[in-house]
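Shown next, in structure tokens, is the structure this report addresses.
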Amino acid sequence: GIRGAWNWATGGGSAGGDAGGPTAPLSSSMSARGGSVIQGLIQRGLSPTQAAAVAGHWQSESGLDPSKVNPNDRGMPSIGFAQWRGDRNQGLRNFAARRGRNWNDQEVQLDYFMHELNNREQGAGTRLRGAQTIEQASMAMSSFERYAGWNGRGRNAADVAHGQRQNQQRTAQARAF
């Protein structure tokens, strides 16, 4: 849970459940990657709660692998922690190139994520920064990620139940941190 995320990100202990109840143990590689991602997000201004929610979503999206490539995500490739696709995929690549870095660099992706929250994804950024609970932060991340069925205002009616199940899964992933 959140207390575990904070302890984990700051080196104060292992990840574990708190108000969210018991969680599955984290593998050492997942724990190391997740702790690094959470700490990087905290250093960029997110709270431990918000950072844990982001990491939970990215665990579901990419296994927290910044090099992850899905060659056919609804007809086009998606890349990185957030599985950026389409013009956002190209945006990450351009952002990295302007810095003389590779798109699959963790620090580049954390910076790009914050760049998106401050620019084209301001709505999601405002919701995420205002989130006080894992559930609120997870819902904010849903608007950032725009899963299949996203129609610009939210999910279309046929995808609401699927979206709720996905959000519950990602919230559970966040609680594991």
Item to check | L46 side, atom CG; R129 side, atom CZ - distance, nearest 0.5 Å | outcome: 6.5 Å
Next on the checklist: Looking at F95, I'd like to know if the NZ or CZ of R98 sits under 6.0 Å from its six-membered ring centre while staying within 45 degrees of the ring's axis.
Outcome noted: no
Item to check | Nearest heavy atoms of V37 and Q106, plus distance in Å | outcome: N-NE2, 3.9 Å
Item to check | Check: Q109 side chain, G80 main-chain N or O, donor-acceptor pair, under 3.5 Å | outcome: no
Checklist entry - Is the side chain of R101 donor-acceptor paired with the backbone N or O of V108 at a distance under 3.5 Å, no angle test? => result no
Next on the checklist: To the closest 0.5 Å, what do you measure between CD1 (I79) and CG (L92)?
Outcome noted: 4.5 Å
Checklist entry - Under 3.5 Å, side chain of Q50 to main-chain N/O of A131, donor-acceptor pair present? => result yes
Next on the checklist: How close do Y112 and R88 get, counting heavy atoms only, and between which atoms?
Outcome noted: OH-O, 3.3 Å
Checklist entry - Does the N72 side chain pair with the main chain of G75, one donor and one acceptor, at a distance under 3.5 Å? => result yes
Item to check | Gap between atom CZ of R120 and atom CZ of F144 - 0.5 Å precision | outcome: 9.0 Å
Checklist entry - Can you tell if the side chain of P48 reaches within under 4.5 Å of the side chain of I38, non-hydrogen atoms only? => result no
Next on the checklist: Can you pull out every salt bridge (charged side-chain N to carboxylate O under 4.0 Å, His left out) where at least one residue sits in residues 38-52? Sequence neighbours excluded, please.
Outcome noted: R44-E107, R44-D111
Item to check | R93-N89 side chain donor-acceptor pair, cut-off 3.5 Å | outcome: yes
Item to check | Considering all heavy atoms, the nearest E145-E61 contact | outcome: OE2-CG, 3.3 Å
Next on the checklist: Let me confirm one number: the CE-CG distance from M114 to N119, rounded to the nearest 0.5 Å.
Outcome noted: 11.0 Å
Next on the checklist: Any non-hydrogen side-chain atom of M141 less than 4.5 Å from a side-chain atom of V54?
Outcome noted: yes
Item to check | Smallest separation among heavy atoms of L110 and G40, with atom names | outcome: CD1-CA, 3.9 Å
Item to check | Any donor-acceptor N/O pair, H57 side chain to A82 backbone, under 3.5 Å | outcome: no
Checklist outcome for this item: Heavy-atom closest pair (A52 atom, I134 atom, distance to 0.1 Å) is CB-CD1, 4.0 Å
Item to check | Side-chain (S62) to main-chain (F81) donor-acceptor, under 3.5 angstrom | outcome: yes
Checklist outcome for this item: Closest heavy-atom pair, G130 versus Q136, reported as atoms and distance to 0.1 Å, is O-OE1, 4.4 Å
